[in-house]
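In what follows, a single structure is set out as structure tokens and then discussed.
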2 protein chains.
Amino acid sequence: MASNTQAPAALDVIAVLHALADPVRLDIVRQLRESDTAIACGRFDTRVAKSTLSHHFKTLREAGIIATHRDGGQALNTLRTAELEASFPGLLGAIFRQAQP
Amino acid sequence: MASNTQAPAALDVIAVLHALADPVRLDIVRQLRESDTAIACGRFDTRVAKSTLSHHFKTLREAGIIATHRDGGQALNTLRTAELEASFPGLLGAIFRQAQP
DNA sequence: GAGCCTGTTCGACGATCATGGAACAGGTGG
DNA sequence: CCACCTGTTCCATGATCGTCGAACAGGCTC
């Protein structure tokens, strides 16, 4: 099944902040934000092992930040922008606005 | 000296998010936000020991989220709203907007 | 100066976490 | 069917973290 651990009923502030407070995970979210299409787990630019990546995806999924849709052999990840904006309007914008110098 | 560990030169996203991703610390920030005056360390409504509180203040200070000004016997804490808004405009607003039902 | 109040520092302990390798499970394609 | 490819699960390990009590350090006030 694709149901590793799916999104919670309501977004928890602590869980969301904790999920974003990691360099690898924040980078995953950044890449998802900068992409206009879903990204497969193996297509992310990271320097961590495959199993570590999978663990980070699980954390992001449990926090309700990303959604994973199984599509045949691969798993496509998308940002749950709508839910995120509904609970914490402008959060991702506030976090990534400082990126560009 | 009042210089326990003071604010960093520039705010680090990871440090800020990590500092906010704790129930006790987030509650401290919330109380500071809802107050219009500085609050002494001992005046916060928490259920943790004094030493634990001090440790949380240190974390918030090192992340650049709060500033502590020594005033005689006590230490007055304030939110570094200006610096926070400069680096991550709307971050605190996004986090606390979901508080009220 | 003797207390007292406020906040920090110092271990210490248990829990959580990030990480990686190996084994495993589905799906795809020869 | 037999290789691949993709992603998850299962330990295990080393690091970080939240928590507390006790000791310590300044500043006030009798």
(request) Using whole Å, report how far CG of B:Asn77 lies from P of C:dT8. (result) 8 Å
(request) Choose from C:dG20, D:dG18, C:dT8 the nucleotide whose nearest atom is closest to any side-chain atom of B:His56. (result) D:dG18
(request) Find the distance B:Phe57:CZ to C:dG7:C1' and express it as a whole number of Å. (result) 10 Å
(message) Can you tell me whether the side chain of B:Thr52 and the base of D:dG18 have a donor-acceptor pair closer than 3.5 Å?
(response) no
(message) Of the listed nucleotides (C:dG7, C:dA18, D:dG21), which one gets closest to any side-chain atom of B:Ala75?
(response) C:dG7
(message) Within the 4.5 Å heavy-atom criterion, are A:Asp22 and A:Leu26 side-chain neighbours or not?
(response) no
(message) So if I take every side-chain heavy atom of B:Val24 and compare against C:dG7, D:dT19, C:dT19, which nucleotide ends up nearest?
(response) D:dT19
(message) Is any side-chain heavy atom of B:Leu11 closer than 4.5 Å to one of B:Arg80?
(response) yes
(message) Here's a test of your reading of the structure: between A:His18 and A:Ser51, which maps to the more 5' nucleotide of DNA chain C?
(response) A:His18
(message) Let's see if you get this right: which residues in residues 32-42 of chain B place a heavy atom under 4.0 Å from DNA chain C?
(response) B:Ala40, B:Cys41, B:Gly42
(message) Which nucleotide wins on minimum distance to the side chain of B:Lys50, given the candidates D:dA23, C:dA23, C:dT19?
(response) D:dA23
(message) Taking side-chain contact (heavy atoms from CB on, under 4.5 Å) as the criterion, tell me which of B:Glu62, B:Arg61, B:His55 meets it with B:Thr59.
(response) B:His55
(message) Could you check whether the side chain of B:Ser54 and the base of C:dG7 have a donor-acceptor pair of N or O atoms closer than 3.5 Å, going by distance alone?
(response) no
(request) Compare all side-chain heavy atoms of B:Cys41 with those of B:Leu53 and state whether any distance is below 4.5 angstrom. (result) no
(message) Base, sugar-phosphate or nothing for A:Arg43? Non-hydrogen atoms, less than 4.0 Å.
(response) nothing
(request) Round to the nearest Å and state the distance from A:His55 atom NE2 to D:dT13 atom C1'. (result) 14 Å
(request) Side-chain contact test, heavy atoms from C-beta onward, threshold under 4.5 Å: evaluate it for A:Val29 versus A:Leu20 and give yes or no. (result) yes
(message) Please compare A:Ala21 and A:Gly72 by the position of their nearest nucleotide in DNA chain C and report the one closer to 5'.
(response) A:Ala21
